Amino acid sequence: MADPSISQLEKHIRRMAADSANVVFTGHAEKQMRKRHVNRSMAFDVLLRGKIVIQPEPDIKHAGLNCRMVRYVAGMNVAVVVNVEYPAPDLVIGTVIDITKE
């Protein structure tokens, strides 16, 4: 099976993130969110309305693709790196970045 397109991945992430039970935040993501003053509501806004602007990459440690969803939210350009095993429903948030400061 061919890799899904960016458009397919965006739609899948949005659809799965609509149910928070499908989203898991790693300890690293939680730590980075506290450090960068990004709350869960902001992260979900990025997942539900953001765009993938960098080509998704395979994850070295896990199956699936790492997708960097980006959106301007609450005065910050926020990126959420989410691991997606398309078409599985689970989304694993690996890290959250304030790309305004990048």
Side-chain angles (χ1 to χ4, degrees):
M1 183 170 133
D3 285 338
S5 69
I6 288 177
S7 177
Q8 287 173 311
L9 286 168
E10 287 175 344
K11 288 176 186 174
H12 177 73
I13 291 167
R14 289 183 185 119
R15 193 169 46 251
M16 296 304 106
D19 180 355
S20 64
N22 294 328
V23 181
V24 175
F25 289 83
T26 63
H28 176 77
E30 294 279 0
K31 180 181 175 184
Q32 295 306 312
M33 287 169 64
R34 283 189 300 275
K35 178 180 171 184
R36 296 171 173 146
H37 307 288
V38 175
N39 60 38
R40 281 182 179 246
S41 177
M42 293 165 69
F44 272 97
D45 188 77
V46 174
L47 294 174
L48 293 168
R49 296 177 184 87
K51 291 279 191 188
I52 296 174
V53 295
I54 296 174
Q55 187 66 34
E57 299 176 343
D59 191 307
I60 296 169
K61 297 179 184 176
H62 307 97
L65 295 170
N66 283 336
C67 301
R68 185 175 178 172
M69 298 284 288
V70 177
R71 180 167 166 79
Y72 187 79
V73 58
M76 301 169 60
N77 282 311
V78 177
V80 174
V81 178
V82 56
N83 181 270
V84 179
E85 288 187 55
Y86 185 84
D90 298 331
L91 303 176
V92 179
I93 309 305
T95 195
V96 176
I97 306 162
D98 176 0
I99 56 177
T100 305
K101 297 179 181 179
E102 214 179 42

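Everything quoted here is computed from the prediction, not taken from an experiment. Numbering of residues begins at 1 and proceeds along the displayed sequence.
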Which heavy atom of [X] sits nearest to which heavy atom of [Y], and what is that distance?
X	Y	result
Ala79	Arg68	CB-NE, 3.6 Å
Leu48	Ala18	CD2-N, 3.6 Å
Ile97	Arg36	CA-NH1, 3.8 Å
Val78	Met42	CG2-CE, 4.3 Å
Ala17	Leu91	N-CD1, 3.8 Å
His12	Ala88	NE2-O, 2.9 Å

query = Among the clusters formed by ILVMFWY side chains lying less than 4.5 Å apart, do Leu47 and Val92 turn up in the same one?
reply =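 Leu47 does not cluster with Val92.
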- Are Tyr72 and Met76 in one and the same hydrophobic cluster, where Ile, Leu, Val, Met, Phe, Trp and Tyr link if side-chain heavy atoms are under 4.5 Å apart?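 No, no single cluster joins them.
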Under 3.5 Å, is there a donor-acceptor pair between the side chain of [X] and the main chain of [Y]?
X	Y	answer
His62	Val84	no
Thr95	Ala29	no
Asn22	Met16	yes

Checklist entry - In chain order, what residues pass the side-chain hydrogen bond (donor to acceptor under 3.5 Å, both in side chains) check against Glu10, with sequence neighbours excluded? => result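 Checked Glu10 against side-chain hydrogen bond (donor to acceptor under 3.5 Å, both in side chains); zero matches.
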Report the residues that fulfil side-chain hydrogen bond (donor to acceptor under 3.5 Å, both in side chains) with Arg49, sequence neighbours left out, ordered by chain and then residue number.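 Checked Arg49 against side-chain hydrogen bond (donor to acceptor under 3.5 Å, both in side chains); matches are Asp45.
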### Query
Do Val96 and Val46 come close enough that some side-chain heavy atom pair is under 4.5 Å?
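SC-SC contact between Val96 and Val46 ruled out.
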Less than 4.5 Å apart, any side-chain heavy atom of Gln32 and any of Val81?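 A side-chain contact is absent here, since even the closest heavy-atom pair is not under 4.5 Å.
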Checklist line | Lys11 vs Gln8, side chain to side chain contact (heavy atoms under 4.5 Å, CB included): CA-CA, chis, key distance, verdict | finding: CA-CA 5 Å; Lys11 288 176 186 174; Gln8 287 173 311; 5.9 Å; no
Straight-line distance of [X] [atom1] to [Y] [atom2], nearest 0.5 Å:
X	Y	atom1	atom2	result
Asp98	Asn77	CG	CG	7.5 Å
Ile6	Ile13	CD1	CD1	10.5 Å
Glu30	Arg40	CD	CZ	4.5 Å
Asn83	Leu65	CG	CG	7.5 Å

Exercise for the section: Identify, with sequence neighbours excluded, every residue that meets salt bridge (charged side-chain N to carboxylate O under 4.0 Å, His left out) alongside Glu85. Expected result: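 Scan of Glu85 (salt bridge (charged side-chain N to carboxylate O under 4.0 Å, His left out), adjacent residues dropped) gives none.
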Go through it in stages, so that I can follow the logic: the residues are Leu9 and Tyr86, the test is side chain to side chain contact (heavy atoms under 4.5 Å, CB included), and I'd like the CA-CA distance, side-chain angles, deciding distance and then a yes or no.
CA-CA 8 Å; Leu9 286 168; Tyr86 185 84; 4.3 Å; yes
